Protein chains: 2
Amino acid sequence: MMVSTKGRYALTVMVDLARNGGDGFVSLSDIAEREKLSMKYLESIIAILNKGGMLTSLRGKNGGYKLARRPDEYTIDEILILTEGTLAPVNCIMQEGVQCDKAATCSTLPLWAGLDKAIENYLSAITLEDIIQGNRKKMLGDYCESCDPAE
Amino acid sequence: MMVSTKGRYALTVMVDLARNGGDGFVSLSDIAEREKLSMKYLESIIAILNKGGMLTSLRGKNGGYKLARRPDEYTIDEILILTEGTLAPVNCIMQEGVQCDKAATCSTLPLWAGLDKAIENYLSAITLEDIIQGNRKKMLGDYCESCDPAE
DNA sequence: CATATTCCTACTAAAAGAGTAGGATTTGTC
DNA sequence: GACAAATCCTACTCTTTTAGTAGGAATATG
């Protein structure tokens, strides 16, 4: 499993904020209730989003969170990488510098690199806005059965 | 991480067999030595490949394993699904029947479904033969720097 | 000052990941 | 028939990750 509940719930929170945010701040308890998720757990997840600059927050009564940018300015890629740490499908493909010592001669490495690219490709082409618009064509591509054939 | 050492080593074993197999049987100790992997661990991995019909085996002295088909008849997809159980990037996208109870209204589900398809698409288009041929163009696509621009 | 909120640290239980250990069984060779 | 080399099989262990929970401090509003 590449994306854990951490990344999934983070995305859910972002979508919820995009939908229910508007100008004001949305409290975490509201989000947790709407999405039927543990507020305590969401706390730890939203902290990552907040520290990563994805949100702005306000403490105290009537406080809460709101998106730092417009929904179309977030790619799914960056949300998931921030919360999951990496989206690499294998350990071979982690950070820039350090590589497996067999990397130079490894015949399967190009496969993993290609898979990594395919995933990044897909997830960086979709934005929060696409999700709240329900842009199934963009998300499901050729596999979308309920998409208008004309674009 | 979507693919663990189990899937990675399984692929390594398959590639090794494709390269060093020929007609005869190759012993696991040979493979482990060549690939510098724990033979005991490989034992449990190759058992999955064997039971899954990917290999034929011969017990006793001079025994070993060999591929059940030609290298171009194995997709990477099927090797990894057999050994990993699933390649689904999230828990939401597991088996056919059972789904999350929020599936009907979940706005992020199409994203996960699309990601799943993108992964399957990539991995089912590549065969063992592509790997042993070092077909970087196919594996790395547009990101391949050392690929011939003409085809 | 009471209350609703974010913020912060620490803890825990279960599952998955990455092997190890030991031996039973089979088969070819001397 | 004994031996050696191999697959086959069951069980165990240690570590890391996952998925939370618990409790309280800091802050802002009415």
Side-chain angles (χ1 to χ4, degrees), chain A residues 1-13 17 24-33 35-66 68 80 83-92 94 100, chain B residues 1-10 12-13 17 21 24-33 35-66 68 80 83-92 94 100:
Chain A
M1 205 64 40
M2 189 175 40
V3 179
S4 66
T5 54
K6 213 151 100 181
R8 277 201 291 131
Y9 293 178
L11 185 55
T12 298
V13 165
L17 282 172
F25 289 90
V26 178
S27 81
L28 194 50
S29 57
D30 283 0
I31 299 176
E33 197 174 353
E35 308 297 340
K36 301 222 186 322
L37 296 172
S38 151
M39 166 162 166
K40 269 299 188 184
Y41 188 30
L42 284 191
E43 244 180 49
S44 65
I45 291 168
I46 209 165
I48 303 173
L49 293 169
N50 196 21
K51 281 181 191 152
M54 300 263 163
L55 307 174
T56 58
S57 66
L58 180 65
R59 301 178 71 164
K61 196 162 182 176
N62 299 330
Y65 302 90
K66 67 177 173 186
L80 294 180
T83 47
E84 294 286 328
T86 176
L87 287 179
V90 289
N91 269 327
C92 318
M94 298 300 280
C100 168
Chain B
M1 204 65 37
M2 190 175 38
V3 179
S4 66
T5 53
K6 214 150 98 179
R8 278 200 290 131
Y9 292 177
T12 298
V13 164
L17 281 172
F25 289 90
V26 178
S27 79
L28 194 48
S29 56
D30 283 359
I31 299 176
E33 197 174 354
E35 308 297 339
K36 302 221 184 325
L37 296 172
S38 151
M39 167 163 165
K40 267 300 185 183
Y41 189 29
L42 284 191
E43 241 180 51
S44 64
I45 292 167
I46 209 164
I48 303 172
L49 293 169
N50 196 22
K51 281 182 193 153
M54 300 264 163
L55 307 175
T56 58
S57 66
L58 181 65
R59 301 180 72 167
K61 196 163 184 177
N62 299 330
Y65 303 90
K66 65 178 174 185
L80 294 180
T83 47
E84 294 286 326
T86 174
L87 287 179
V90 290
N91 269 326
C92 318
M94 298 301 281
C100 167

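Every value quoted in this text rests on a predicted model; they were computed, and no experiment measured them. All chains are named by letter (A, B, ...) in the order of the sequence lines, taking the proteins before the strands, and each is independently numbered beginning at 1.
Under 4.0 angstrom from either OP1 or OP2 of C/dT27 there lies no side-chain N or O belonging to B/N62. For D/dA19, neither phosphate oxygen OP1 nor OP2 lies less than 4.0 angstrom from any side-chain nitrogen or oxygen of A/S38. In this structure, B/S29 does not reach the D/dA5 phosphate: none of its side-chain N or O atoms is under 4.0 Å from OP1 or OP2. Phosphate proximity of C/dT6 to A/S57: absent, as no side-chain N or O sits under 4.0 Å from OP1 or OP2. The side chain of A/S4 places an N or O atom within less than 4.0 Å of a non-bridging phosphate oxygen (OP1 or OP2) of D/dA19. Of the side-chain N and O atoms in B/S44, none sit less than 4.0 angstrom from OP1 or OP2 of C/dG19.
Minimum atom distance to the side chain of A/S27 is reached by C/dT6, of the listed D/dC8, C/dA4, C/dT6. Taking only side-chain atoms of B/N50, from C-beta outward, the nucleotide of C/dT29, D/dC8, D/dA19 with the closest atom is D/dC8. Taking the side chain of A/Y9 as heavy atoms from C-beta on, and the options D/dG20, D/dT7, C/dC7, the nearest nucleotide is D/dG20. Of the candidate nucleotides D/dT21, D/dC8, C/dC7, D/dT21 has the atom lying nearest to any side-chain atom of A/Y41. Considering only the side chain of A/K40, D/dA22 comes nearest among C/dT27, D/dA22, C/dG23. The side chain of B/R59 sits closest to C/dT25 out of C/dT29, C/dT25, C/dA18. The side chain of A/K51 approaches C/dC8 more closely than any other nucleotide in the set C/dT20, C/dC8, C/dC7.
Looking only at side-chain heavy atoms (C-beta outward), B/I31 and B/L42 come within less than 4.5 Å of each other. When side chains are defined from C-beta on, B/L87 counts as touching B/V3, because their heavy atoms get closer than 4.5 Å. At least one side-chain heavy atom of B/E43 sits less than 4.5 Å from a side-chain heavy atom of B/L28. Using a 4.5 Å heavy-atom cutoff, the side chains of B/Y65 and B/L49 are not in contact. Side-chain atoms of B/Y9 and B/I46, non-hydrogen and from C-beta on, never get closer than 4.5 Å to each other.
Rounding to the nearest 0.5 angstrom, the gap separating the CG atom in A/L55 from the CD1 atom in A/I48 is 11.5 Å.
Nucleic acid contact class of A/F25 (heavy atoms, under 4.0 Å, all strands): none. Contacts of B/I46 with the nucleic acid, taken as non-hydrogen atoms under 4.0 Å apart, are absent.
Rounded to whole Å, the distance from CE on B/M39 to P on C/dA21 is 14 Å. The CD1-C1' distance, from A/I31 to C/dT5, rounds to 12 Å in whole Å. Atom pair B/L42:CG and D/dT7:P shows a separation of 11 Å (rounding to whole Å applied). Atom CD of B/E43 is separated from atom C1' of D/dA11 by 14 Å (rounded to the nearest Å). The CG-C1' distance, from A/N91 to D/dT15, rounds to 14 Å in whole Å. Remark: P of C/dA16 and CZ of B/R8 are 19 Å apart, rounded to the nearest angstrom. Counting to the nearest Å, the P atom of C/dT3 and the CG atom of A/L58 are 20 Å from each other. Between the CD1 atom of A/I45 and the P atom of C/dC7 there is a distance of 15 Å, rounded to whole Å.
When each of B/K61 and B/Y65 is assigned the nucleotide of DNA chain D bearing its nearest heavy atom, the one mapping closer to the 5' terminus is B/K61.
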